[in-house]
Amino acid sequence: MLDINLFREDPDRVRAGFELRQMGSGVVDEVIAFDARRREIIQQSETLKAERNTVSKQIGQMRDAAERAPLIESMRAVGEQIDALDGQLRQVEEELNALMDTLPNLPDPRVPVGAGEEENVVIRTVGQIPEYDFEPKPHWELGPELGIIDFERGAKLSGSRFYVLNGAGARLQRALIAWMLDLHIRQGYEEKYLPFMVRTETVYGAGQLPKFADNLYRDHEEDFYMVPTAEVPLTGLYMGEIIEEDDLPLRFTAYTPCFRREKMSAGRDVRGIKRGHQFDKVEMYAYTTPQDSEAALQKMLSDAEETCALLGFTYRINQLCTGDLGFGAEITYDIEIWAPGCGEWLEVSSVSNDGDFQARRGNIRYRPEGGGRVQLPHTLNGSGLGLPRALIGVLENYQQADGSVIIPEVLRPWMGGVERIEATG
RNA sequence: GGAGGGAUGGCCGAGUGGACGAAGGCGGCUGUCUUGAAAACAGCUGUGGGUUUACGCCCACCGGGGGUUCGAAUCCCUCUCCCUCCGCCA
């Protein structure tokens, strides 16, 4: 959520930010109008409350009932006025909040200006696009041929966008998860095991509601949402709390499955395991002071890069332009790995600084060293790689002419010594 | 699933209608004392909102929401969470 003070004090900056995001800036005036109305009502209501408090105290000190009666009578009338004003106030605040909830974060000034995806900027590419002396296959051919991906039975169980991993395929994914978590722990993140179902307020606090309600799975009976990313519970961890500055930065890593309805992507990426309703991800997350968040962003980006580098992937860093930035993000870098079978760059990680946007929404604060007013920390999130896509990367990059797949060195300790996946005929 | 008990400030803990934003203790900060520290003593020590050039003033908040009342931490309703016992289960 944006700071309401920004609308009062520097509305042009907000307008400019919204325009960079390719959205209308007319809402700014709406917000300002609601805010003015809100304060007007508050002033009226509080003046009456102050009067009522004073008189009620007097009443309490009077012993004579006849003397009290007229005061009680007039305060009853004041109370009715207060109730009416507070009713109006509640309504205005509801409308204001509903509006604020739909407004995205403002882009960092360094973010390249652009209308959409096409105008993202590749800021560096690491490694060469590999040459093969055979025709590399896409994973949706390799997987079934090796017997490690079963699309048919996945669909039989749950429909489209579901699959089953068999044997070494399932184990390879588990190896990736375990290896990544251990890597992030070495990089200074604390591992968390989190609930995969969370309540409405948690999803709201992370900024996923109401904007992304359509993309979430929900248990109506218990009012739980299935997490769409570990970022949601990781943000929720400190909701409503005050963190001591001394404890910052807090860095966490967590493996969770992620559940997404993908209604917006109907018909897109239906082939293979690139985009499913259920996928696994290892996430990194950090809470920092505003001064430290840029450094934390760079660290998180390089931590995610290290994951790709150690797996031997060719990858590139793509900086999102203003028009492609996610709802809560001020600045975002995507990491894309080269998948020779599909013949495309696959987004495996997205590293963002959300500034104080999530913190304000989730009411997460920190107390500065040596006391003083509590302040809003910055929050950052980044994928330590989405699993199905990392798995695609391994399968397609490490495939051999005979159709087998070599297991990358770093993963072998988790593969029980298996060095290669071969078709068992 | 059944029965009961709880939720108060950073922490512990008192408080059953007006003098309670809240006793007392712990912790923290400041000062006195001290060469320094400790001890002792004194003072300060919550969050959000409105208003003000400012000092300040005002409003709200005792798990969340609603109600009764001139007035609610205190009475009523409701929700959430925690604890104990029984049953069931991995």
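The chains referred to below are lettered A, B, ... by the order of the sequence lines, with proteins before strands, and numbering in each begins at 1. Values in this document were obtained by computation on a predicted structure and should not be read as measured data.
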Below 4.0 Å: OP1/OP2 of B:C81 and any side-chain N or O of A:R199: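 Yes, such a contact exists.
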
Short side-chain N/O contact from A:R38 to OP1 or OP2 of B:G50, under 4.0 Å: yes

Counting only side-chain heavy atoms from C-beta out, which of [options] sits nearest to [X]?
| X | options | value |
| --- | --- | --- |
| A:R367 | B:U47, B:G50, B:A60 | B:U47 |
| A:S56 | B:G50, B:C59, B:G18 | B:G18 |
| A:R52 | B:G71, B:G46, B:G50 | B:G71 |

Residue pair A:R251, A:Q187: steps toward the side-chain hydrogen bond (donor to acceptor under 3.5 Å, both in side chains) verdict: CA-CA 10 Å; A:R251 297 183 211 274; A:Q187 290 166 336; over 6 Å; no

Aromatic ring pairing A:F252/A:Y238, orientation class (parallel under 30°, perpendicular over 60°, tilted between): parallel

Name the nucleic acid region contacted by [X], choosing base, sugar-phosphate or nothing; use a 4.0 angstrom heavy-atom cut-off, strictly under.
| X | answer |
| --- | --- |
| A:R8 | sugar-phosphate |
| A:V374 | sugar-phosphate |
| A:L71 | nothing |

In whole Å, measure the gap between the [atom1] atoms of [N] and [M] for me.
| N | M | atom1 | result |
| --- | --- | --- | --- |
| B:U84 | B:C79 | P | 23 Å |
| B:C83 | B:C75 | P | 25 Å |
| B:A39 | B:C58 | P | 38 Å |
| B:C29 | B:U68 | C1' | 43 Å |
| B:U53 | B:U47 | C1' | 26 Å |
| B:U45 | B:G56 | P | 12 Å |
| B:C59 | B:A19 | P | 14 Å |

Distance-only donor-acceptor test (3.5 Å): side chain A:R90, base B:G66: no

Presence of donor-acceptor pair under 3.5 Å, side chain of A:E46 and base of B:G49: yes

Which base sits across from [N] as a Watson-Crick or G-U pair, both distances under 3.5 Å?
| N | result |
| --- | --- |
| B:A60 | B:U47 |
| B:A39 | none |
| B:G1 | B:C86 |
| B:G9 | none |

Rounded distance in Å - [atom1] ([X]) to [atom2] ([N]):
| X | N | atom1 | atom2 | value |
| --- | --- | --- | --- | --- |
| A:N53 | B:C57 | CG | P | 16 Å |
| A:I59 | B:G18 | CD1 | C1' | 10 Å |
| A:M239 | B:G63 | CE | P | 19 Å |
| A:D83 | B:U69 | CG | P | 10 Å |

Flag for [Y]-[X]: side-chain donor and acceptor within less than 3.5 Å:
| X | Y | result |
| --- | --- | --- |
| A:R110 | A:Q319 | no |
| A:S350 | A:D334 | yes |
| A:D247 | A:Y287 | no |

Residue whose nearest RNA chain B nucleotide is more 5′ - A:R365 or A:R76: A:R365

Position toward the 5' end of RNA chain B (nearest nucleotide), A:Q61 or A:N5: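 Here A:Q61 is the residue nearer the 5' end.
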
Test applied, side-chain contact (heavy atoms from CB on, under 4.5 Å); reference residue, A:I421; option that passes from A:L142, A:I148, A:I406: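 Per the side-chain contact (heavy atoms from CB on, under 4.5 Å) rule, the option paired with A:I421 is A:I148, out of A:L142, A:I148, A:I406.
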
